[in-house]
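What follows is a short report on a single structure.
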Amino acid sequence: NTLNDKYLQVKKILELLKDLSTNCSQIDSELQKIEQQLAEFDPFLKDTDQNQHTLNQINNKLSNYRAEIKKLQNSLETFKEFISPEVSQILKDLELKAERLFDTMEEYNRAFKLAKTIRSEYLQNTEKVSYWINDTEEKLKSHYTEPLEYKVSIHNCCQERPTVSEWFDIARKNGIDILQSTHDDQEAQAIRQNLDHIQERLGHVYGLLDEQKIIIDNVVDAWCKFMELYQIII
């Protein structure tokens, strides 16, 4: 019986080692694929949905492999006195490799989130500046507005200029960040053209505001003086 028990125990250990060798080989192969996937990962890829999908996929795989490695380590505990240090080291190396890949993935995840924020801020601020330009151009075309009302409108637009300039500065900074990081030539060209176009329109509208401010101030001053004189005459 004792001999039979030992035979069964040895048989079980050999089966365990065989399964362990197969599982370790498979996990190592999959971890190498993930390592290659991370090496090719571009946090600034324009297709953010694709990047999010890739990161979620890698995260799920690594979580599963880390759990599998832990399970294999636990299975060795029962027979640890029969297992050579080399076998235990193989699992330890796999565990460290999985942890290192997880840390790399987290770094790329942070870089990806930053890239998303930069793109979002770029779009938000270019849209705000463009809306303000369009709105101001409409106000400048309002020839049927009363002079005093027109003056208030122009002065309000002039007071908004520092805020609008700040929006554009943020958009330009974000645009430069994207240009320095993106590998998409079409996106880079579109950003350059968009920033140049907005800057040109902004300069044009600022110039018109300065002109109209001087004109309407003179008109309103003249009108007020005329009304004062008119009141005196009446």
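Just so it is clear, the values below take in all heavy atoms, side chains as well, and ignore hydrogens, waters and symmetry mates. Numbering starts at 1 and runs along the sequence shown.
Here salt bridge (Lys or Arg N to Asp or Glu O under 4.0 Å) pairs that include residues 35-46, with residues two or more places apart or in two chains, are Glu35-Arg100. Screening residues 160-172 for salt bridge (Lys or Arg N to Asp or Glu O under 4.0 Å), with sequence neighbours left out, gives Arg161-Asp210, Asp169-Arg172. Sorted by first and then second residue, the pairs that involve residues 195-208 and meet side-chain hydrogen bond (donor to acceptor under 3.5 Å, both in side chains), not counting sequence neighbours, are Asn134-Arg201, Glu137-Arg201, Ser165-Tyr206. Counting only residues at least two apart or on different chains, no ring-ring contact (aromatic ring centres under 6.0 Å, His included) pair has a member in residues 165-189.
With sequence neighbours left out, Asn59 forms a side chain to side chain contact (heavy atoms under 4.5 Å, CB included) with Ser63, Phe102, Met105. Take Thr117 and apply the side chain to side chain donor-acceptor pair (under 3.5 Å) test, not counting sequence neighbours, and it matches no residue. Residues passing the side chain to side chain donor-acceptor pair (under 3.5 Å) test with Lys33 are Glu30, sequence neighbours excluded. Residues passing the side chain to side chain contact (heavy atoms under 4.5 Å, CB included) test with Ala188 are Leu179, Thr182, Arg192, sequence neighbours excluded. Annotation: side chain to side chain contact (heavy atoms under 4.5 Å, CB included) contacts of Gln52 (sequence neighbours excluded): Asn56, Phe112, Lys116. Under the ring pair (Phe, Tyr, Trp, His ring centres under 6.0 Å) criterion, Tyr122 pairs with no residue at all, not counting sequence neighbours. With sequence neighbours excluded, the residues that form a side chain to side chain contact (heavy atoms under 4.5 Å, CB included) with Gln57 are Gln37, His53, Lys61. With sequence neighbours left out, the side chain to side chain donor-acceptor pair (under 3.5 Å) criterion links Asp184 to no other residue.
Taking CD1 from Ile176 and OG from Ser181, the interatomic distance works out to 11.5 Å, rounded to the nearest 0.5 Å.
For the residue pair Ile198 and Val129, the shortest heavy atom distance occurs at CG2-CG1, 3.5 Å. Minimum heavy-atom separation, Ala171 to Thr126: CB-CG2, 3.7 Å. Taking both residues in full, the closest heavy atoms of Leu195 and Gly175 are given as CD1-CA, 4.3 Å, listed atom of the first, atom of the second, then distance. Between Ile178 and Ile191 the shortest heavy-atom distance is CG2-CD1, 3.4 Å.
For Gln89, the CD atom is densely surrounded, since the number of other residues' heavy atoms within 6.0 Å is greater than 12.
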